[in-house]
Amino acid sequence: MPEFPNLAVNFAGGIRSPNPFWLASAPPTNCGEQVMRAFDAGWGGAVWKTIGEPVVNVSSRYSSIDWNGQRMMGLNNIELISDRPVEVNLREIYEVKKRYPNHAVIASLMVESKREAWHDIVARSEDAGADGLELNFGCPHGMSERGMGSAVGQVPQYTEMITGWVKEKARTPVLVKLTPNITDIRTVARAAKRGGADGLSAINTINSITGIDLDTLAPRPNVDGFSSHGGYCGPAVKPIALNMVQQVQSDPESQLPLSGIGGVGTWKDAAEFILLGCGTVQVCTAAMHYGYRIVEDMIDGLENWMRRKGYVTIEDFRGLSLPHVREWKNLNLNYKIVARIHEDKCIGCDLCYTACWDGAHQCIHLDRVSGVRNGHVEAHTKPAEVEATSRAKITVTPIAKLDKVAANSQNVEPYATPLARIPRVDETECVGCNLCALVCPVENCITMEQVENGLAPQSWEERTAVVAGIEKSC
Amino acid sequence: MQSVFQQHPEVVARFPDLHPPLTAQSAVIEANRCLYCFDAPCTGACPTHIDVPRFIKKIANENLRGSALTILDANILGASCSHVCPVQVLCEGACVMHHKHESPIKIALLQRHAMDAFYASGAVLPKTSAERRNGKIACIGAGPASLACAAELRQRGYDVTVFDRHPLPGGLNTYGVAEYKLPTEDSLREIELVGSLGVDFQFGTEIAGEAAFAKLEEEFDAIFLGPGLGAMHRLNIPGGNHPAVVDALAFIAGYKTAGKLAVGRRVVVVGAGNTAIDAANAAKRLGAEEVQILYRRAETHMPAFGFEYEHAKQEGVRFLWQTQPIAIHADTDGELRSIECLRVELAQDGTPRSITGSNFHIECDMVVPAIGQSPLFDLLAECYGVRVEHGRVVVDRVTGQTSNPKYFAGGDCVNGGREVVDAVADGKRAAVGIAKTLEAAHA
């Protein structure tokens with residue numbers, strides 16, 4: 001039995017927490033009472049709702065995207081930073097740290113772009129007992145109109161300058177929270193690093209309009225008939241966040257301890273962020289959706305996976321997926337896979353068939369009964385003809401009393417699904433795109449299998465170098 | 001055409017919806033479960049080939065009108081079919097979810113959801129081609145087959161007149177379907193939709209006698225026969241004429257459309273088909289203390305659908321297998337007292353043989369025979385040149401045309417007594433066939 005995993009982390013040069021699961025700076029960390037309940041539920045750390053000069057918020061603040069009957073695939077908010085006085089927030093940080101000395105409390109900060117203002121808030125936060133500081137250079141709505149938040153994070157010079165001011169004063173680790181609302185996130189990550197940041201948090205929310213009410217024609221969330229662009233987060237943004245995390249972690253000029261944010265809701269999400277180099281992860285939408293209790297399975301699931309994989313600490317697997325990300329030009333052009341449909345698992349929905357015909361390369365056919373034929377699209381019956389044939393059939397309700405004769409003439413089918421409905425892959429035409437396997441609703445019914453072609457690996461870069469070499473030698 | 005029919009409040013109270021409708025949100029969630037199969041098996045299994053995934057996707061996308069019109073395009077009686085179809089052996093039975101060991105998509109409830117929304121929003125069909133076509137068609141019977149035929153022809157621009165001897169239209173949809181499946185008022189509401197297309201209805205008009213048909217042939221370019229089946233078979237045993245012996249269809253029509261709610265205290269239903277079960281359940285709901293179904297053969301031979309059998313057991317109906325009624329007895333006051341039966345043994349091949357001397361009596365005060373309907377021999381004999389075999393009108397399955405090219409037919413008189421959806425499919429195919437014939441004639 002492998003050693004029991006230890007999830008404790010020591011992040012960015014001194015922020016310690018019993019596990020890598022932090023609540024992101026957001027409504028779940030609005031006040032001390034909440035943060036203490038979160039710690040009781042199992043969260044390792046909390047980044048306080050951003051502290052600054054109190055704001056006035058609007059009523060109607062969130063909107064979301066539902067998908068196929070599932071709620072909140074993506075969440076959007078137009079809420080600003082904390083609307084509570086600075087001293088109230090700081091007093092509560094003090095109280096939380098007194099009661100929970102082993103948990104991480106990070107003060108998220110946003111003040112006017114003046115050196116004195118930053119020096120003041122840094123000193124007061126650290127006096128209150130914060131374990132670290134997170135500079136909110138990412139908030140994309142409202143605050144940016146006042147020259148703060150992403151207005152800073154979108155300009156590398158400002159980021160570097162303010163990070164520098166903070167570092168002049170700070171005794172605890174300083175994290176810079178990056179906005180994704182920028183062409184290349186690395187330009188700001190590099191600026192933060194030049195400014196002396198001890199770590200980064202990424203990503204903040206993405207500028208969004210989630211949707212429009214088709215009756216009132218006003219976008220959501222509706223504030224008295226009007227809306228404003230907000231910050232998008234939740235499961236929908238995870239792939240974007242993972243890409244940006246990978247970009248930052250693979251760039252030596254950006255690379256710093258990174259707290260991963262963006263659609264983390266389960267232990268699997270967390271493991272993926274850590275595999276791309278994150279030291280901790282921050283969670284908001286999932287906690288807003290289901291409450292603090294979700295952390296229980298994040299801990300349990302991650303521990304079980306670590307035991308299965310033989311990892312004892314977070315450091316054992318942190319960043320292990322980074323070497324698996326290459327530039328496209330370095331991928332092997334001679335790697336060949338094709339789709340295989342496992343007849344015994346097929347339920348006959350034929351989604352792979354329609355996907356391949358309309359969305360891919362016309363190499364899946366319904367010809368097991370009518371006669372197997374390989375080859376180009378011209379050789380095959382088209383989807384519209386297949387449908388027309390079905391619609392022309394006369395069907396009746398089976399009534400035992402009236403159908404006595406038909407009962408004997410049943411064909412013996414080799415699989416549970418009629419053979420005529422089990423699609424077939426023409427491997428001579430299949431390009432191995434994966435689409436059929438992606439749309440198939442049955443696990444492992446379509447597998448992508450490697451075809452040995454006897455060719456040595458060769459990347460685009462290598463292939464073009466060979467071609468260039470030939471041209472040169474001519 | 002405005003229906004003035006109002007259901008008896010006692011019937012409304014005693015026959016609540018068997019399957020309560022979906023809420024808007026649960027409909028969207030259920031709709032999203034649908035995989036949206038290509039050339040979907042559910043569509044293939046539906047006799048009217050409703051494009052099921054298409055209408056379900058439209059529910060998921062909150063396009064309820066589009067969803068309803070998708071249904072109606074294939075099946076003008078989409079609302080009643082969503083209530084009465086034996087979906088377990090049709091669309092839902094064909095759902096690929098069964099192969100995933102998941103419950104099938106609730107197609108019937110989703111279809112009903114779309115249709116309810118359609119009727120709630122005023123039941124306005126899109127304007128079809130304003131082109132009037134030359135051709136007058138008579139439809140005999142106002143049941144599902146004729147309604148489907150009439151609606152299709154009307155939408156294609158033909159003049160259609162529907163004749164029915166009953167005061168209300170709808171055939172078995174109105175008179176014969178258990179009220180907890182399809183309320184009479186819903187059946188009538190649906191026929192108003194057909195009326196709104198401009199179909200002319202002649203109720204209480206029986207077409208009988210060769211002269212009547214000759215006149216019809218003179219007046220109309222084509223005649224569609226959708227009269228259904230004839231009277232129910234009588235229980236041909238001593239005492240079978242007793243006034244407390246009421247055939248199942250008369251009993252059902254009585255409570256559904258004529259306010260006849262009286263029922264015996266102890267009721268015996270003879271036969272174990274779907275109509276027998278509808279009658280037995282109705283007797284239970286109308287207050288009978290004890291309802292028993294007698295069937296000559298065994299449980300495995302029962303012609304009723306399995307789900308109907310389960311439902312009847314839940315209603316508290318008892319089943320007596322291998323039981324053959326031989327006489328109905330009344331007391332000295334003439335009141336029905338009992339039904340005398342013989343036990344039946346079954347040969348290897350299932351052939352029943354009653355056992356001599358095994359006589360026993362079941363006390364009861366009402367007997368409901370449900371042993372099938374006879375064909376409408378008289379009426380069919382009056383249609384010149386229309387071939388009938390084994391009591392069924394012989395048609396070309398694709399066009400519905402009979403051996404007399406002027407006559408087309410569909411529904412129970414052709415298929416021997418299947419479901420509403422089969423009648424609708426027959427009627428629609430015949431309409432297409434009629435239109436083609438008329439077009440060719442006028443070309």
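Computed over heavy atoms, backbone and side chain alike; hydrogens, waters and symmetry mates excluded. We name chains A, B, ... by the order of the sequence lines, and we start the count at 1 in each one. Just so it is clear, the structure is predicted and the values come from calculations on it, not from any experiment.
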**OP:** Give a yes or no on whether A/R391 atom CZ has more than 12 heavy-atom contacts from other residues, nucleotides or ligands under 6.0 Å away.
**Re:** yes
**OP:** Flag yes if more than 12 heavy atoms outside B/R296 fall under 6.0 Å of its CZ atom; otherwise flag no.
**Re:** no
Original post:
Which bit of B/N274 comes within less than 4.5 Å of chain A, counting heavy atoms only: side chain, backbone, both or neither?
Top reply: neither
Subject >> Which portion of B/L35 sits near chain A, non-hydrogen atoms under 4.5 angstrom >> reply: both
**OP:** Answer with side chain, backbone, both or neither: which region of B/R429 has an atom nearer than 4.5 Å to a non-hydrogen atom of chain A?
**Re:** side chain
**OP:** Report yes or no: does A/S390 contribute a side-chain atom to a donor-acceptor pair with the main-chain N or O of B/D39 at less than 3.5 Å?
**Re:** no
Subject >> Close side-chain approach of B/P303 to A/I399, heavy-atom, < 4.5 Å >> reply: no
Subject >> A/I347 side chain near B/M97 side chain, heavy-atom distance below 4.5 Å >> reply: no
Subject >> Toward chain A, the part of B/A45 with a non-hydrogen atom under 4.5 Å >> reply: backbone
Original post:
Under 6.0 Å from the CG atom of A/D224, do we count more than 12 heavy atoms belonging to anything else shown?
Top reply: no
Original post:
Are there more than 12 heavy atoms of other residues, nucleotides or ligands under 6.0 Å from atom NE2 of A/H342?
Top reply: yes
**OP:** Among the options A/L351, A/V442, A/T395, A/V386, pick out the one with the most heavy-atom pairs lying under 4.5 Å from chain B.
**Re:** A/T395
**OP:** For the pair B/D422 (side chain) and A/V396 (backbone), establish whether a donor and an acceptor sit closer than 3.5 Å, ignoring hydrogens and angles.
**Re:** no
Original post:
Could you walk me through whether A/E387 and B/T43 pass the side-chain contact (heavy atoms from CB on, under 4.5 Å) check?
Top reply: CA-CA 10 Å; A/E387 263 189 327; B/T43 296; over 6 Å; no
**OP:** Tell me, for B/V421 versus chain A, whether the close heavy atoms (under 4.5 Å) come from the side chain, the backbone, both or neither.
**Re:** side chain
**OP:** Please flag which part of B/P53 lies under 4.5 Å from any non-hydrogen atom of chain A: side chain, backbone, both or neither.
**Re:** neither
Original post:
Using non-hydrogen atoms only, which part of B/C46 is less than 4.5 Å away from chain A: side chain, backbone, both, or neither?
Top reply: backbone
**OP:** Working to the nearest 0.5 Å, report the span between NE2 of B/H98 and OG1 of A/T417.
**Re:** 12.0 Å
Original post:
For the side chain of B/H99 and the backbone of A/C349, is there at least one donor-acceptor N/O pair under 3.5 Å apart?
Top reply: no
Original post:
Of the non-hydrogen atoms in B/P41 and A/G348, which two are nearest, and what is the gap between them?
Top reply: CG-O, 4.4 Å
**OP:** Rounded to the nearest 0.5 Å, what's the gap from CG on A/L366 to CZ on B/F38? Could you check?
**Re:** 6.5 Å
Original post:
Around A/I394, counting heavy atoms of other residues, nucleotides and ligands shown, do more than 12 lie under 6.0 Å from its CD1?
Top reply: yes
Subject >> Enclosure of A/Y290 OH (heavy-atom neighbours >12, cutoff 6.0 Å) >> reply: no
Original post:
Does the side chain of B/Y36 reach to within under 4.5 Å of the side chain of A/V439, using non-hydrogen atoms?
Top reply: no
